[in-house]
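What follows is a single structure, written as structure tokens, with notes after it.
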Number of protein chains: 2
Amino acid sequence: MILKSQVEWALHCCAVLAGLPEGRYLSTKALAEFHGLPKEYLSKALQSLSQAKLVESTLGPSGGYRLARPASEVSFLDVVEAVEGKERSFVCSNIRANNPCRPEGFCDTGPCAIARIMWEADAAWRAKLRGVSLAALIQTLEQEVPPALWRSSGEWVKRRAG
Amino acid sequence: MILKSQVEWALHCCAVLAGLPEGRYLSTKALAEFHGLPKEYLSKALQSLSQAKLVESTLGPSGGYRLARPASEVSFLDVVEAVEGKERSFVCSNIRANNPCRPEGFCDTGPCAIARIMWEADAAWRAKLRGVSLAALIQTLEQEVPPALWRSSGEWVKRRAG
DNA sequence: CTAAATAAGGATATGAATTGTCCTTATTTA
DNA sequence: TAAATAAGGACAATTCATATCCTTATTTAG
């Protein structure tokens, strides 16, 4: 059970977009170069973010993406679910229904106890991700990325953002 | 990101084994019949449990599997990790290292902030699963499975356990 | 006004992982 | 002694993730 690499890519891209000057866009090309990723495939991840309304896009030269909401209003969960989907990680195929001791036409009253427990764990995972915003991420990064690298990266992005 | 169906199978099998009379074994064949699962493939899941030392096995007629520890000492996490592995669900490929602004030979001091957050969520998921034992599951099942079905299933298992 | 740059998305190829089956071997018990 | 069993190797089928290529419509820069 491994998350798609696109989840990692999308999170890093969102982190960059969160530092974008107001009103500017950053293109797939620039994001791909900045992270050393295949442009065409990264584009699919960005399309997922766009479809989820987490980012806005515009066409043409100086086009690209920007966050659709303030960084404080976008959670890790938003990004993860945009790429990975909202489905729970545990799928119950209700194998208890195959129990040979079941009378004909027996009907379950609720979901399987095993599934409920697995879903609770899934909910705990999502709650953790919901509790961290892109703004919080940026704050952490600003503290721990060496100032020179932080500044030069910001300059690089500004230059590519038009 | 979907858990293997073998996780579901392993959990249901452990629930059955937890209700086994002291000293008895239940075979792959019986477990497969009880859950309506392909015997050969279910066998792989049970081998995973065996390799993780969660169950003990014995050969020959009346052979099969039983829990290696009291049900109160086996957690959902034990079972999930036996089948799914202990690896974290988020893999960090450290794409920050591709940042074109990095000076030559730059060395990271710690793991990426994004990975740390994803790993915290993973830890929360595991903590939830660690907190539920097979004994707790059995207790829940005993409360919510209709008494007639509970009894007949117990009889079925006892009969197949030798 | 024109040309270049871009997002969006369809089609398709590739590789890896999951799911599933079959067979052999060694062991244990009835 | 024979039947039943776990263990595991080999392999096939299917699904999914990864990746590339191409077309289209749109937008801006020049």
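As the structure is a computational prediction, the values presented were derived from the model and not from experiment. Proteins get letters first, then strands, A, B, ... in listed order; numbering begins at 1 in each. All values below were derived from every heavy atom in this structure, side-chain atoms included, with hydrogens, water molecules and symmetry-related copies excluded.
One finds a side-chain N or O of B:S50 lying less than 4.0 angstrom from the OP1 or OP2 phosphate oxygen of D:dA7. At the phosphate of C:dA8, OP1 or OP2 sits under 4.0 Å from a side-chain N or O atom of A:S57. B:T28 has a side-chain polar atom (N or O) that falls below the 4.0 Å cut-off from OP1 or OP2 of D:dA6. Close to D:dG8, at under 4.0 Å from its OP1 or OP2, lies no side-chain N or O of B:S43.
Per the geometry, NZ belonging to B:K29 stands 17 Å off P belonging to D:dA7, to the nearest Å. Here D:dT5 presents its P atom at 13 Å from CG of B:L46, a figure rounded to the nearest Å. Computed from coordinates, the B:R24 CZ to C:dT29 P distance equals 14 Å when rounded to whole Å. Between the P atom of D:dT5 and the CG atom of B:L59 lies a distance of 11 Å, rounded to the nearest Å. Between the C1' atom of D:dA17 and the CG atom of A:L37 lies a distance of 15 Å, rounded to the nearest Å.
Side-chain atoms of B:P61 lie closest to C:dT28 of the nucleotides C:dA7, C:dA5, C:dT28.
Within residues 85-93 of chain B, no residue is approached by DNA chain C to less than 4.0 Å at the level of any non-hydrogen atom.
Shown here are the salt bridge (charged side-chain N to carboxylate O under 4.0 Å, His left out) partners of A:R151, two or more places apart in sequence or in another chain: there are none. Looking at residues two or more places apart in sequence or on another chain, you find a side chain to side chain contact (heavy atoms under 4.5 Å, CB included) between A:A18 and A:L67, A:A71, A:I138. For B:E56, the salt bridge (charged side-chain N to carboxylate O under 4.0 Å, His left out) partners are B:R66, not counting sequence neighbours. With sequence neighbours excluded, the residues satisfying side chain to side chain contact (heavy atoms under 4.5 Å, CB included) with B:N98 are B:I95. Under the rule for a side chain to side chain contact (heavy atoms under 4.5 Å, CB included), the partners of A:S75 that lie at least two apart in sequence or sit in another chain are A:L77, A:D78.
The salt bridge (Lys or Arg N to Asp or Glu O under 4.0 Å) contacts involving residues 4-14 of chain A comprise nothing, where partners must be two or more places apart or lie in separate chains.
Distance CH2/B:W156 to CG/B:L26: 6.5 Å, rounded to 0.5 Å.
A:V7 is connected to A:M1 through a chain of hydrophobic side-chain contacts under 4.5 Å among Ile, Leu, Val, Met, Phe, Trp and Tyr, so both are in one cluster.
If you check every strand for non-hydrogen atoms under 4.0 Å, A:E56 touches nothing. B:Y65 comes within 4.0 angstrom of sugar-phosphate atoms only, judged by non-hydrogen atoms across all strands, and of no base.
Judged by closest nucleotide on DNA chain C, A:Q51 is the one of B:T58 and A:Q51 placed further toward the 5' end.
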Side-chain donor/acceptor pairs under 3.5 Å, residues 124-131 of chain A, sequence neighbours excluded:
| unit_1 | atom_1 | unit_2 | atom_2 | d |
| --- | --- | --- | --- | --- |
| A:R126 | NE | A:E81 | OE2 | 2.9 |
| A:R126 | NH1 | A:D122 | OD1 | 2.4 |
| A:R126 | NH1 | A:D122 | OD2 | 3.1 |
| A:R126 | NH2 | A:K86 | O | 3.4 |
| A:R126 | NH2 | A:E87 | O | 3.2 |

Which atom pairs, one a donor and one an acceptor, fall under 3.5 Å between side chains of residues 37-54 of chain B and the rest of the protein, sequence neighbours left out?
| unit_1 | atom_1 | unit_2 | atom_2 | d |
| --- | --- | --- | --- | --- |
| B:S43 | OG | B:Q47 | NE2 | 3.0 |
| B:S48 | OG | B:K44 | O | 3.2 |

List, one per line, each side-chain donor-acceptor pair under 3.5 Å for residues 102-113 of chain B, sequence neighbours excluded.
| unit_1 | atom_1 | unit_2 | atom_2 | d |
| --- | --- | --- | --- | --- |
| B:R102 | NE | B:R96 | O | 3.2 |
| B:R102 | NH1 | B:D108 | OD1 | 3.4 |
| B:R102 | NH1 | B:D108 | OD2 | 3.2 |
| B:R102 | NH2 | B:D108 | OD1 | 2.7 |
| B:R102 | NH2 | B:D108 | OD2 | 3.4 |

Annotated protein contacts, base or backbone, on nucleotides 15-25 of chain C with a non-hydrogen cut-off under 4.0 Å, one of B, S, - each
---SBBBBB--
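Base-pairing analysis of DNA chain C finds the following stems of at least three consecutive Watson-Crick or G-U pairs, with both pairing distances under 3.5 Å: C:1-30 with D:1-30.
A 4.5 Å side-chain heavy-atom check between B:F34 and A:P100 finds at least one atom pair inside the cut-off.
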